[in-house]
Amino acid sequence: MNKKISLFGIVVLVVLIGAVLWLNNDISKKQNEGLGGIDNKNFVELSDDNPVFDEWGKNFPDHLDMYLQVETQKPIPTEFGGNLAYSKLIRYPQLTLLWAGYPFSIDANEERGHFWIQVDQMDTARNNKDFLNAHGFAGFGGQPTACMNCHSGWTPWLLKNIAQNDWIAFNSTKYWTMIKNIPALNGIVENSEQHAGPHGGKRMGVTCADCHNPNDMQLRLTRPAAINALVQFRGYEADAITGVKASREEMRTLVCSQCHVEYYFRPTGQKVTVMGESITNDTSKKWWNGTQKTYDEYEFWRDGNKPTEIEVDGIELVFPWAEWKKGQPFRIEMFDDYYEKIRAIFNKDWVHKITDAPMIKIQHPESELYSGGVHAANGVSCADCHMPYIRKGSKKLTQHNITSPLQDINSACKTCHTQSEDYLRAQIKDIQNSVAYDLRTAEYGIVSLITDIKTLREKLGVLVEYQTDGQADKAKISDTLKEVLELHRKAQMRADFVGAENSTGFHNPREASRMLLQAIDMARQGQTKLVEIANANHIKDFKTSNLGFDDMQQLNPGEIHYKVDVNEHKAGERYYKHGNVNGNPPAQYLVNDKNLAPYNYNIVDKK
């Protein structure tokens with residue numbers, strides 16, 4: 001009897017041990033799934049020495065699958081965004097005049113997302129010195145590596161291994177020189193088509209390593225410009241592992257703030273030694289205009305071209321956040337104050353070709369605008385809406401096909417909001433239509449101001465007091481128009497802010513509308529002052545303009561084509577090889593745009 005009890009006890013014990021082991025394994029499995037679905041069978045040791053997302057994806061295949069969806073899916077446009085890369089200049093032709101004299105006036109497309117970001121950066125005409133020089137931008141010297149900070153997942157690797165952690169040298173090197181140094185990893189053949197491609201090659205965009213520590217996958221900042229701005233300007237404390245000390249919820253926004261911000265390239269005032277190219281010494285290599293090539297607009301070292309050392313003027317990628325402190329909502333006046341204080345160091349991004357105003361080109365300031373919105377005030381992070389939690393079987397995953405929340409309102413919005421998807425979609429559309437109305441009104445007003453400045457410059461130029469040696473004196477005229485040119489600069493900074501910020505004001509509709517109202521007021525003030533200047537100079541036939549949608553359509557540049565023969569490309573040839581880039585926007589969007597300003601509610605509000 002005792003033996004039977006003992007045997008039974010042993011069996012029960014074995015079953016219990018087995019059950020505990022099974023339960024422990026099941027819990028561990030679900031924990032792994034909940035933290036990202038780690039694939040233990042194919043587990044690899046992750047490292048910053050190999051930032052390739054295909055490598056990191058071996059441990060996180062579900063996340064990799066989500067990230068790569070955008071590569072093969074049909075582009076999905078939304079009324080004010082999406083990932084269909086149509087030409088913004090075709091949809092909004094006024095931009096060609098607003099950006100006159102700046103490369104964006106030739107090429108600006110709707111963004112395609114993080115996977116394509118480096119492909120698009122390398123393909124854009126704004127990164128093609130020969131094309132720009134041959135198409136009206138003779139002074140363009142080529143983009144610096146500073147432009148690569150946000151577009152390439154190779155940035156930390158290149159900074160460490162090629163620039164030897166010299167931040168200034170990294171930024172100051174030519175873009176096409178730095179790109180040549182990206183290694184071939186994961187079995188990729190050196191200088192192969194794959195080595196040039198987006199999967200671990202030269203055209204690889206954002207990667208897991210940009211936001212995650214390889215040892216424990218905690219969120220981190222990897223971009224020095226973001227870390228510098230947060231520590232020097234905004235009151236954060238530096239951290240050797242995560243970049244700055246911040247809560248996990250803060251980090252779910254700060255990792256996005258590495259790139260979704262306004263920035264500029266600050267001249268250091270000093271020379272710096274950087275990598276150059278020996279092509280400078282090959283007299284057979286010429287730019288389109290016949291001058292000696294200084295670098296090769298190609299991603300590989302070829303035809304004997306080798307790295308050299310050269311001295312150049314140093315620049316640093318900087319976020320203009322000195323007036324924007326931690327815990328404060330951003331205000332556009334903070335940029336006014338910041339850029340005014342550094343004017344002796346950095347006066348402008350470019351001089352407007354028509355008005356001669358010193359202009360600031362705002363980039364993509366989502367972080368700034370979002371900071372003062374209702375979602376930020378309630379502790380909602382960027383990831384909560386753009387990377388919402390989703391279910392895949394028993395797994396709870398963050399969505400890594402980072403896109404518009406409109407693509408999955410149920411996951412992105414209804415975690416907090418109880419209304420129906422249709423109701424929420426209608427609310428978003430209404431907010432964006434309202435801000436779009438303000439934006440179009442501001443843009444049309446500024447284009448009207450630009451047109452009037454051009455007219456008055458011409459009229460002043462025929463007056464003797466504004467001439468030197470019988471010719472119109474540009475400097476004298478600009479001095480007389482100085483106050484108007486400042487209004488142009490500040491008005492356009494505000495319209496550009498909302499236009500470049502990728503939510504059409506949704507991240508903070510009140511602040512977006514406030515700055516656009518300022519832009520409209522400044523544009524009209526500028527026109528009033530032009531009348532005063534005309535009257536003071538006894539010009540009787542000067543009248544201000546009030547341009548609208550139909551006037552803007554006269555500026556439509558169409559798709560980009562070569563105007564002259566450049567680098568084996570013939571005049572008339574389409575610039576972009578792929579038809580899904582730089583094409584026409586959906587026709588309905590133009591119908592809506594036409595009816596936004598003035599606001600035709602019968603069309604705009606139609607369900």
task: Spell out, as yes or no, whether a donor-acceptor pair under 3.5 Å connects the side chain of Asn109 to the backbone of Val581.
output: no
field: CE on Met387 to OG on Ser381, rounded to 0.5 Å
entry: 9.5 Å
query: Between Trp167 and Phe170, what is the ring plane arrangement, given parallel below 30°, perpendicular above 60°, and tilted in between?
result: parallel
field: Spacing of CD1 belonging to Ile310 relative to NZ belonging to Lys174, to within rounding of 0.5 Å
entry: 8.0 Å
- request: Report the residues that fulfil ring pair (Phe, Tyr, Trp, His ring centres under 6.0 Å) with His195, sequence neighbours left out, ordered by chain and then residue number.
  value: Phe300
- request: Measure from the side-chain N and O atoms of Arg234 to the backbone N and O of Ala229, and report whether any donor-acceptor pair falls under 3.5 Å.
  value: no
message: Please report the interatomic distance CD(Gln492) to NZ(Lys361), rounded to the nearest 0.5 Å.
response: 9.0 Å
Parallel, tilted or perpendicular: rings of Tyr264 and Phe346 (30°, 60°): tilted
statement: Taken in chain and number order and not counting sequence neighbours, the residues that satisfy salt bridge (charged side-chain N to carboxylate O under 4.0 Å, His left out) with Glu55 are Lys58
- prompt: Among pairs that include at least one residue of residues 570-583, which meet salt bridge (Lys or Arg N to Asp or Glu O under 4.0 Å), considering only residues two or more places apart or in two chains?
  reply: Glu559-Arg574
field: Check: Ser172 side chain, Ile168 main-chain N or O, donor-acceptor pair, under 3.5 Å
entry: yes
- request: For Lys160, enumerate each residue passing the salt bridge (charged side-chain N to carboxylate O under 4.0 Å, His left out) test, keeping only those at least two apart in sequence or located in another chain.
  value: Asp49
- prompt: Is the closest side-chain heavy-atom distance between Trp321 and Glu368 below 4.5 Å?
  reply: yes
query: Quick one: do the Ser367 and Ser257 side chains pair a donor with an acceptor below 3.5 Å?
result: yes
- prompt: Do Asn128 and Asp130 have side-chain atoms, one donor and one acceptor, less than 3.5 Å apart?
  reply: no
message: Do Val52 and Thr207 have side chains that approach each other closer than 4.5 Å (heavy atoms only, starting at C-beta)?
response: no
- prompt: Heavy-atom distance under 4.5 Å between the side chains of Pro358 and Arg343, does that happen here?
  reply: yes
task: Taking ring pair (Phe, Tyr, Trp, His ring centres under 6.0 Å) as the test, write out the residues that go with Tyr236, two or more places apart.
output: none
statement: Minimal heavy-atom distance between Arg126 and Phe140, with the atoms involved, is O-CZ, 3.4 Å
message: I'd like to know whether the aromatic ring centres of Phe330 and His507 sit less than 6.0 Å apart in this structure.
response: no
field: Stepwise salt bridge (charged side-chain N to carboxylate O under 4.0 Å, His left out) test for Asp62 and Lys392
entry: CA-CA 9 Å; Asp62 293 316; Lys392 185 176 181 180; 2.7 Å; yes
task: Please round to the nearest 0.5 Å and tell me the distance separating atom CD of Glu299 and atom CG of Asp296.
output: 9.5 Å
query: If you count the non-hydrogen atoms of other residues, nucleotides and ligands that lie under 6.0 Å from CD in Glu190, is the total more than 12?
result: yes
Just distance, no hydrogens or angles: give the donor-acceptor pairs under 3.5 Å from side chains in residues 89-101, sequence neighbours left out.
residue: Arg91; atom: NE; partner: Asp593; partner atom: OD2; Å: 2.7
residue: Arg91; atom: NH1; partner: Glu79; partner atom: O; Å: 2.9
residue: Arg91; atom: NH1; partner: Tyr86; partner atom: OH; Å: 2.9
residue: Arg91; atom: NH2; partner: Glu79; partner atom: O; Å: 3.1
residue: Arg91; atom: NH2; partner: Asp593; partner atom: OD1; Å: 3.1
residue: Gln94; atom: NE2; partner: Glu443; partner atom: OE1; Å: 2.7
residue: Thr96; atom: OG1; partner: Pro93; partner atom: O; Å: 2.7
residue: Trp99; atom: NE1; partner: Asp496; partner atom: OD1; Å: 3.3

CD on Glu110 to CG on Asn83, rounded to 0.5 Å: 8.5 Å
- request: For residues 253-277, pull every pair meeting salt bridge (Lys or Arg N to Asp or Glu O under 4.0 Å), keeping only residues two or more places apart or in separate chains.
  value: Lys180-Glu277, Arg266-Glu316, Lys271-Asp313
- prompt: For residues Gln69 and His400, is any side-chain donor paired with an opposing acceptor at under 3.5 Å?
  reply: no
- prompt: Phe137 and Tyr102: aromatic ring centres closer than 6.0 Å?
  reply: no
- prompt: Hey, are Tyr263 and Asn149 close enough side-chain-wise for a donor-acceptor pair under 3.5 Å?
  reply: no
message: Under the rule for salt bridge (charged side-chain N to carboxylate O under 4.0 Å, His left out), what residues qualify as partners of Glu250, not counting sequence neighbours?
response: none
- request: Would you please say whether a donor-acceptor pair under 3.5 Å links the side chains of Thr145 and Asn171?
  value: no
- request: Could you tell me whether a side-chain N or O of Asn582 sits under 3.5 Å from a main-chain N or O of Ile560, the two making a donor and an acceptor?
  value: yes
- prompt: Looking at residues at least two apart in the chain, or sitting in another chain, which of them share a ring pair (Phe, Tyr, Trp, His ring centres under 6.0 Å) with Trp287?
  reply: Tyr295
Polar side chain donor-acceptor pair, Ser47 to Glu45, under 3.5 angstrom: no
field: Considering all heavy atoms, the nearest Thr253-Cys382 contact
entry: OG1-N, 3.1 Å
- request: Starting from the C-alpha separation in whole Å, work towards a yes-or-no answer on side chain to side chain contact (heavy atoms under 4.5 Å, CB included) for Trp324 and Tyr338.
  value: CA-CA 9 Å; Trp324 179 33; Tyr338 179 89; over 6 Å; no
- prompt: Side-chain contact, heavy-atom cut-off 4.5 Å: Tyr389 with Gln399?
  reply: no
- request: For residues Met275 and Glu309, determine if any side-chain heavy atom of one lies less than 4.5 Å from a side-chain heavy atom of the other.
  value: no
- prompt: With a 4.5 Å heavy-atom cut-off, do Trp176 and Asn127 have their side chains touching?
  reply: yes
query: Hey, what do you get for CZ (Arg489) to OG1 (Thr355), rounding to the nearest 0.5 Å?
result: 11.5 Å
- request: Please check if the side chain of Thr124 supplies one atom and the backbone of Asp120 the other of a donor-acceptor pair under 3.5 Å.
  value: no
query: Side-chain donor-acceptor pair under 3.5 Å between Asn213 and Gln218, yes or no?
result: no
query: Ignoring hydrogens and geometry, is there a side-chain-to-backbone donor-acceptor pair from Trp350 to Ile360 under 3.5 Å?
result: no
message: Can you see whether Asp54 engages Asn186 through a side-chain donor-acceptor pair at a distance of less than 3.5 angstrom?
response: no
- line: Sorted by chain and residue number, the salt bridge (charged side-chain N to carboxylate O under 4.0 Å, His left out) partners of Lys88 (sequence neighbours excluded) come out as Glu111
- prompt: Is Asp282 paired with Lys293 through a side-chain N to carboxylate O contact shorter than 4.0 Å?
  reply: no
query: Where the side chain of Thr155 meets the backbone of Met148, is there a donor-acceptor pair that is under 3.5 Å apart?
result: yes
field: Test side chain to side chain donor-acceptor pair (under 3.5 Å) applied to Thr242 and Asp239, step by step
entry: CA-CA 6 Å; Thr242 59; Asp239 186 273; 3.1 Å; yes
- prompt: Just by modelled atom types, is the Trp301 backbone N or O under 3.5 Å from a matching donor or acceptor in the Asn305 side chain?
  reply: no
field: ring pair (Phe, Tyr, Trp, His ring centres under 6.0 Å) involving Tyr575 - partner list, sequence neighbours excluded
entry: Phe131, Tyr562
statement: Here the salt bridge (Lys or Arg N to Asp or Glu O under 4.0 Å) pairs for residues 215-228, sequence neighbours left out, are Asp48-Arg220, Asp210-Arg223
